[in-house]
Every structure is written in C-alpha cells, then in structure tokens.
Protein chains: 2
Amino acid sequence: MCSASSDLTAQAKIRNAAIAHFAQDGFQKANLRAIAATARVSAGLVIHHFGSKEKLRSVCDDHVLRLLVQRADEARPSGMQDPFREYLSNPEEYRLQVQYMLRAIEEDMPAAATFVNTLVDESEEILRAGIADGTMHPSSDVRALAVLSVLHSVATLTMPPPLARALGYERFGPDVLRRLALPTLELYTHGLFTDDAALKAARAALNDSPQEED
Amino acid sequence: MCSASSDLTAQAKIRNAAIAHFAQDGFQKANLRAIAATARVSAGLVIHHFGSKEKLRSVCDDHVLRLLVQRADEARPSGMQDPFREYLSNPEEYRLQVQYMLRAIEEDMPAAATFVNTLVDESEEILRAGIADGTMHPSSDVRALAVLSVLHSVATLTMPPPLARALGYERFGPDVLRRLALPTLELYTHGLFTDDAALKAARAALNDSPQEED
DNA sequence: CCATGCATTGAACATGTGTTTAGCATTTAA
DNA sequence: TTAAATGCTAAACACATGTTCAATGCATGG
C-alpha cells in the first residue's frame with residue numbers, strides 16, 4: 001500500500017487510511033491522530049480537508065458504497081448473492097470494504113441502510129425467481145425470508161470472536177468461512193428437522209396468540 | 001425499579017445500574033457519571049466500591065452470567081435451547097440480562113466465552129441426540145452446525161437496525177422476532193433449495209481447493 | 001520579484017471521562 | 001465520650017481526543 005500511497009493526493013490517502021481504521025476499529029474507537037499517522041500527515045490536515053470526523057466518515061461511507069455497488073453492477077446478473085464465495089475469492093482491498101460496510105451496518109449509518117436495502121431487495125428477487133422456477137421452496141413470508149438470509153450472511157461475516165473460538169479458531173477468517181460453508185449449504189438444502197412437528201407447533205403458537213396484522 | 005432500589009445496598013444499586021447501561025450502550029459508550037446518576041450516587045462512590053470501571057464490568061459479567069446459568073439450570077432439561085421463545089416469554093429483567101450478555105459477546109469479554117461455550121456445547125448435545133433418534137438430519141460437521149445455530153440465534157437477537165428497518169420495523173423487538181419465527185422454522189424444516197445442486201457444487205469446490213489462499 | 005493562495009504543521013484549546021483526593025457525616029467500638 | 005472506621009460527596013486531576021489557530025513553506029500568476 002505504501003508504494004501506491006505516494007502518488008495519491010493527501011485527501012485520498014487520508015480517506016483510505018480512515019476507511020481502514022473505521023473498518024478495523026469502528027468509528028468511535030478510531031481516532032484522528034492514528035488515521036493521520038497512517039496517512040503520514042498531521043491531525044490538523046484531516047480537519048482542514050474534511051471539516052470534522054463526522055464529515056470524514058460521510059465521505060468514506062459514500063466512497064465505499066460507490067465501490068461496492070459498482071462492483072456488484074459489474075458482476076450482473078449475479079449481483080451480490082453468495083457473499084461467502086464473493087468474499088473468499090476477492091482481494092484484500094475488497095474485504096476491507098466489506099468489513100467497513102459491516103461496521104456501518106452495526107453502527108446504523110445511512111450508507112448502511114442503502115447497502116442493506118440493496119441486498120435485501122436483491123435477495124427477495126432471487127427468492128421469488130427461485131420459487132417461481134421451482135428450485136426453491138415456497139415461503140409464507142418471502143420478504144422476511146430475504147431479511148433472514150441477509151442477516152445470516154452478515155452474521156457469519158461478523159462472527160464474534162467467542163463463537164469463532166468455540167469452533168477452535170482464534171478469530172473469524174477465511175478458514176472459518178470454509179468450515180461453515182458445508183453445514184450452511186446442508187441446512188439450506190435439507191433443513192435440520194426430519195419432520196414438521198416444530199413448524200406445526202410454531203404455527204399453532206402464533207395462531208393462539210396472534211399479535212399480528214392483516 | 002425505584003421502589004426496590006431504596007432497600008438495596010449502594011453496591012447492588014450501582015451494579016444493577018451498570019448492567020443496564022452496559023447492556024444498552026455497550027461498555028465503552030457507557031460512562032460512570034451516568035451509571036452513578038441512575039444509581040443515585042456520586043461517580044466517586046462507584047470507584048470507591050469497585051476500584052475501576054473495568055473491575056465494575058467484571059463484577060457485572062459474573063453477576064449476569066450467574067443469573068443466566070442459574071435460570072438455565074432451573075429450566076433443565078430444556079436448558080437454553082429455543083432462545084426465541086425463552087426471550088419472548090420472560091420478564092423485562094431477563095431481556096436486560098440477555099442483552100447484556102449479547103453485548104459481552106460482541107465485545108469479547110471472558111464471561112461471554114463461558115456463556116457461548118455453554119450454549120454451543122448444549123446445542124451440540126441436542127443436535128447429536130436429535131440425529132441419534134432420527135428427528136434431525138445427519139450433518140457432516142455437527143460441531144460447526146452447533147456453532148452455526150447459536151450464531152443464527154445471537155444474530156437474530158442482535159439484529160442491526162438497518163435490517164429491522166428493511167422488514168418495516170423501527171428496530172429489533174418482540175414483533176420482529178414473531179415475524180421471523182415462521183420463516184426460520186420453515187428454513188429449519190424444509191431448507192431453502194428443492195434440490196442439492198448447490199450443496200454438490202459446494203462439496204466439489206471445497207474438494208477442488210481445500211485450503212486455498214490468495 | 002512579489003503577492004496571493006493553498007497545503008501543511010505543531011501547538012494550543014475544549015471537552016468528556018476515568019480516577020484521585022480531601023473532607024464530611026454517620027455508625028461502631030473501646 | 002471519644003476515636004476509628006465506613007459510606008459518601010464534591011472538587012480536582014490526568015489524560016485522550018476532536019478541533020482551532022497561528023505560522024511556515026511552496027507553488028502559481030502578475
């Protein structure tokens with residue numbers, strides 16, 4: 001990265017350093033002096049160019065969002081589906097951008113909402129198409145299923161250290177992802193239960209106390 | 001809570017206030033003066049009784065862990081399985097303890113490791129029993145499946161706001177949980193795919209490049 | 001060459017927050 | 001009753017960190 005950083009403008013160097021720090025430490029824990037140090041500039045220059053830490057984050061949000069959406073568009077029509085393989089088969093820089101966006105989702109930033117909506121909408125489309133052509137089971141609530149699958153993907157990619165350790169790894173990484181790939185596909189192919197007793201029980205319970213709308 | 005707080009020792013009041021603040025805001029964002037204000041004491045007293053913010057957290061960790069494990073033991077042999085129904089059908093105080101432990105998992109505290117290991121071990125036992133008696137499908141990696149199911153539960157209970165909003169809710173809550181219950185059970189009963197093409201492809205891909213890095 | 005403007009810096013400033021300290025009040029023990 | 005210990009507080013302190021400011025260097029145009 002140092003080889004490329006010398007011919008970038010100071011603004012771009014700061015922005016890239018900020019993206020790395022925000023992705024790794026989160027917005028709050030990341031501090032301007034460390035970002036400035038990574039970018040080989042002073043803390044004052046960061047404010048001079050971006051006005052405030054908040055505005056700097058906004059610029060980073062837009063930048064990463066643009067990169068990810070652009071990459072997804074280029075990969076049409078497959079889009080952003082199968083985030084696991086996507087994540088595994090792409091360069092370090094891409095992983096950083098994904099990590100940044102995952103942090104943004106956790107911290108509920110506006111750019112994250114845009115990103116998540118894109119993912120969920122795309123997921124819902126794929127589900128509806130799969131159900132229509134018979135490759136996927138029908139669902140009582142396709143929208144919820146779309147959210148659920150995105151949630152599972154996000155959760156896997158942000159797996160908390162204690163869970164990674166329960167699997168025998170120091171922390172989340174590509175090896176953990178590979179380890180979980182097969183069980184995940186097995187679950188999505190055969191399910192877990194051999195009968196629908198639990199499902200019927202849940203349906204009954206939800207009908208007993210229908211806290212619902214239409 | 002105010003009615004009960006008057007006859008608690010100051011230490012207990014501070015500890016309970018800290019649990020609430022840590023659960024709601026996370027350890028870093030929570031500050032001693034706010035905790036002290038909730039407990040109706042001065043900030044200095046918090047340090048006087050607990051030594052430091054870090055030690056205060058340690059006491060809270062142990063306290064919440066003890067309460068949750070005790071509750072799980074009382075609920076034997078069902079233990080901590082089906083966290084959704086457990087979460088929905090229990091009082092506010094219990095939700096706070098769960099929320100505290102979820103925060104501890106995110107922030108990778110020692111107590112969280114204990115809790116997670118309990119959950120995963122218990123989950124693995126249940127899976128092995130279910131597979132043995134034929135109510136669950138065999139798995140190529142039961143341990144990983146146990147981690148996966150715990151991960152899904154944790155992820156659902158800590159659903160980031162953007163995902164809750166993608167479902168049409170302001171933020172995560174009991175209603176979101178009820179909405180996701182059926183799709184989750186459907187997934188765990190029937191799976192998603194109607195054939196095993198994706199599963200076979202994954203098996204093949206993992207055999208082709210079993211240990212690849214770029 | 002000078003002047004203007006931009007990039008950049010180091011130091012100072014402001015604020016939030018964990019912690020320390022000195023002191024006060026109340027209880028307890030001799 | 002006095003003295004020590006305990007519970008508790010307000011203020012001060014230390015430090016991290018976002019931000020401001022004055023000054024310096026350096027380019028470009030007149």
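Throughout, protein chains are lettered first and strands after them, A, B, ... in sequence-line order, and every chain is numbered starting at 1.
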Student: Between C1' on dT15(C) and NZ on Lys53(A), what's the gap in Å once rounded to a whole number?
Tutor: 14 Å
Student: Take the angle between the ring planes of Tyr188(B) and His152(B) and call it parallel below 30°, perpendicular above 60°, tilted in between.
Tutor: perpendicular
Student: Taking atom P of dG7(D) as reference, at what distance in whole Å does atom CG of Leu8(B) sit?
Tutor: 16 Å
Student: Under a 4.0 Å threshold between the charged nitrogen and the carboxylate oxygen, would Arg66(A) count as salt-bridged to Asp61(A)?
Tutor: no
Student: Nearest to the Asn31(A) side chain among dT19(C), dT19(D), dT17(D), which nucleotide is it?
Tutor: dT17(D)
Student: Base, sugar-phosphate alone, or nothing: which one does Ala30(B) contact when heavy atoms must sit under 4.0 Å apart?
Tutor: sugar-phosphate
Student: Rounded off to whole Å, could you give me the CD-to-C1' distance for the Gln11(B) and dT6(D) pair?
Tutor: 12 Å
Student: Could you point out which residue of Asp108(A), Val120(A), Val147(A) forms a side chain to side chain contact (heavy atoms under 4.5 Å, CB included) with Arg165(B)?
Tutor: Asp108(A)
Student: Can you tell me the distance, in whole Å, between the CD1 atom of Ile14(A) and the P atom of dA7(C)?
Tutor: 11 Å
Student: Roughly, in whole Å, what's the span from CD in Gln28(A) to P in dT15(C)?
Tutor: 19 Å
Student: Can you measure Leu32(A) atom CG to dG10(C) atom P for me and round it to whole angstrom units?
Tutor: 16 Å
Student: Once you round it to whole Å, what is the distance between P of dT17(C) and CG of Leu56(B)?
Tutor: 16 Å
Student: To the nearest Å, give me how far apart CZ (Phe50(A)) and P (dA7(C)) are.
Tutor: 12 Å
Student: Please tell me which of Val46(A) and Glu54(B) maps to the more 5' nucleotide of DNA chain C, matching each residue to the nucleotide holding its nearest heavy atom.
Tutor: Val46(A)
Student: Can you find a donor-acceptor N/O pair under 3.5 angstrom joining the side chain of Arg33(B) to the base of dG16(C)?
Tutor: no
Student: Side chain of Ile47(B) only, please: which of dT19(D), dT19(C), dT9(C) is the nearest?
Tutor: dT19(C)
Student: Taking the nucleotide of DNA chain D with the closest heavy atom to each, which residue, His48(B) or Gly44(A), is nearer the 5' end?
Tutor: His48(B)
Student: Is any NZ, NE, NH1 or NH2 atom of the basic residue among Arg95(A) and Glu86(A) found under 4.0 Å from an Asp or Glu carboxylate oxygen of the other?
Tutor: no
Student: Which listed nucleotide (dC8(D), dT19(D), dT8(C)) is nearest to the side chain of Ser52(A)?
Tutor: dT19(D)
Student: Applying ring-ring contact (aromatic ring centres under 6.0 Å, His included), name anything that partners Tyr87(A), two or more places apart in sequence or on another chain.
Tutor: none
